[in-house]
Amino acid sequence: MRDHTEALAAQLGCPVVYAMGNHDDRAAFRDVLLASVAAQAERDSRVRFALRSNVLNDPVDYVLTVPAGNDAGTLRVIVLDTSIPDIADDQGTVLGEQLAWLDALLAEPVEAGGDEAGAGADAAVSTVLVMHHPPVAPWQDRARLWHMHPDDAAWLTPVVRGRVRAILCGHVHLASFATFAGVPVSIAGAHSRNQDPLHARDLTYSWAANYGCNLVLLRGTAADADQVLITPALLAPVSSAD
């Protein structure tokens, strides 16, 4: 999967970011996927990478800042590790030290710029937050055992309100769209089994189909400088699980 993802990113000319999932091992993630993210910054002086903590078993939180290109400003992607190191616990969490780091990071000025020298003194900085667990309750009642703990989501609310352009997440295996603290939220579908939203809402039912992703476009228009367009994209009618 990493090879396919990075090959597509190279074709599109965009960076890759990875976030810890609920079944991932932090040490392995740091050794393989995080190393790939850091290598991007080493190859391109315009890309900036900063890790919150180097402690092996700490949550894997980092920020990647890249020029958006065509004098469009700067894209700052902040990745939060919402996983709990317990394979039996699918609910997400955000620790106090993570919130403090995120709050301080969002308070820092970011140098905006594009591909041209001197471009972007007036260019925009767009911040996107990426985390595995949605901060909003999903459609199915039973699936609410899987989203971020409500108390943690409440603590996250004032930190992101008015400071983040979009939140990207997944985990509940159902493509969905929401707002959280006034921020657009994209919940991507799965690359394996997906939930059926027309099944009984108090239960969950998944099937190996609708293998897809979400496309998220940040754009400015004459009427709306901070427009976010979220589009589900079907990659295959039957998933790779079959």
Side-chain angles (χ1 to χ4, degrees), residues 1-10 12 14-44 47-66 75-102 104-106 127-135 145-149 152-153 156 159-160 164 166-173 185-194 211-214 216 235 239-241:
M1 179 62 73
R2 182 189 66 174
D3 292 341
H4 289 301
T5 300
E6 295 183 2
L8 176 60
L12 296 174
C14 68
V16 177
V17 297
Y18 298 104
M20 276 282 299
N22 55 299
H23 294 302
D24 292 336
D25 176 82
R26 286 175 175 169
F29 184 93
R30 287 176 184 272
D31 187 50
V32 180
L33 296 181
L34 187 65
S36 291
V37 176
Q40 296 176 107
E42 295 177 0
R43 293 192 299 266
D44 189 339
V47 178
R48 299 177 182 177
F49 168 80
L51 182 63
R52 184 184 70 84
S53 171
N54 285 308
V55 177
L56 190 63
N57 292 319
D58 273 1
V60 188
D61 309 315
Y62 65 93
V63 55
L64 194 73
T65 306
V66 297
L75 177 65
R76 175 172 60 177
V77 182
I78 301 174
V79 179
L80 277 185
D81 179 356
T82 56
S83 68
I84 298 173
D86 180 353
I87 197 167
D89 194 339
D90 283 332
Q91 197 167 41
T93 189
V94 179
L95 304 178
E97 55 264 36
Q98 293 178 282
L99 286 172
W101 173 78
L102 177 62
L105 194 61
L106 292 173
T127 298
V128 172
L129 178 62
V130 178
M131 51 192 185
H132 186 67
H133 296 80
L145 298 173
W146 307 334
H147 71 303
M148 183 179 293
H149 192 283
D152 292 24
L156 183 64
V159 178
V160 302
V164 171
I167 297 174
L168 312 183
C169 46
H171 185 58
V172 295
H173 292 242
V185 178
S186 166
I187 304 173
H191 285 192
S192 54
R193 302 187 67 83
N194 281 277
Y211 178 40
C213 63
N214 284 353
V216 180
L235 300 180
S239 82
S240 58

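As a basis for the values below, the full set of heavy atoms in this structure was taken, side chains included, without hydrogen atoms, waters or symmetry mates.
If you take CG on L56 and CZ on F29, they are separated by 13.0 Å, rounding to the nearest 0.5 Å. Put simply, CG on L168 and CG on L129 are 8.0 Å apart, with the number rounded to the nearest 0.5 Å. The distance from atom CG of L80 to atom SG of C169, rounded to the nearest 0.5 Å, is 11.5 Å. In this structure, the separation between CD on Q91 and NE2 on H171 is 8.5 Å, given to the nearest 0.5 Å. From C14, atom SG reaches atom CG of L8 across 7.0 Å, with rounding to the nearest 0.5 Å.
In this structure, H132 and M20 have side chains that are not in contact, with every pair of non-hydrogen atoms separated by 4.5 Å or more. In this structure, the side chains of S36 and R2 come closer than 4.5 Å at one or more pairs of heavy atoms. A 4.5 Å side-chain heavy-atom check between R52 and P59 finds at least one atom pair inside the cut-off.
Counting all heavy atoms, side chain and backbone alike, G189 lies closest to N214 at N-OD1, 4.5 Å. Summarising the geometry of D61 relative to L51, their closest heavy-atom pair is O-CD1, 3.3 Å, with the distance given to 0.1 Å. Heavy-atom minimum distance, V37 versus V16: CG2-O, 3.7 Å.
When D81, N22, T93, T82 are each tested for a side-chain hydrogen bond (donor to acceptor under 3.5 Å, both in side chains) with H133, only one passes: T82. A side-chain contact (heavy atoms from CB on, under 4.5 Å) with I167 is found for one member of V185, V216, L156 and no other, namely V185.
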Checking V79 against L64 for the side-chain contact (heavy atoms from CB on, under 4.5 Å) test, could you report, in this order, the C-alpha distance in whole Å, the side-chain angles of both residues, the deciding distance, and whether it holds? CA-CA 8 Å; V79 179; L64 194 73; over 6 Å; no

Quick one: do T5 and Y18 satisfy side-chain contact (heavy atoms from CB on, under 4.5 Å)? Show the steps, please. CA-CA 10 Å; T5 300; Y18 298 104; 4.1 Å; yes

Evaluate the criterion side-chain contact (heavy atoms from CB on, under 4.5 Å) for residue pair I78 and V130; output intermediate values, then yes/no. CA-CA 6 Å; I78 301 174; V130 178; over 6 Å; no

Run the side-chain contact (heavy atoms from CB on, under 4.5 Å) test on V160 and L102 for me, step by step, so that the C-alpha distance in whole Å, both residues' side-chain angles and the decisive distance to 0.1 Å come before the verdict. CA-CA 9 Å; V160 302; L102 177 62; 4.3 Å; yes

Any chance you could lay out the side chain to side chain donor-acceptor pair (under 3.5 Å) test for T65 and R76, step after step, and finish with the verdict? CA-CA 4 Å; T65 306; R76 175 172 60 177; 5.6 Å; no

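In this structure a side-chain-to-backbone donor-acceptor pair under 3.5 Å is present from D152 to V94. Looking only at distances, a side-chain donor or acceptor of D24 sits under 3.5 Å from a matching main-chain atom of G21. Judged by distance alone, the side chain of Q98 and the main-chain N or O of L95 form a donor-acceptor pair under 3.5 Å. Side chain of R26 to main chain of S83: a donor-acceptor pair is present (N/O by atom type, distance under 3.5 Å, no hydrogens or angles). At least one donor-acceptor pair closer than 3.5 Å links the side chain of R30 to the backbone N or O of V55.
Taking the six-membered ring where the residue is Trp, F49 and Y62 present tilted rings, their angle falling between 30° and 60°.
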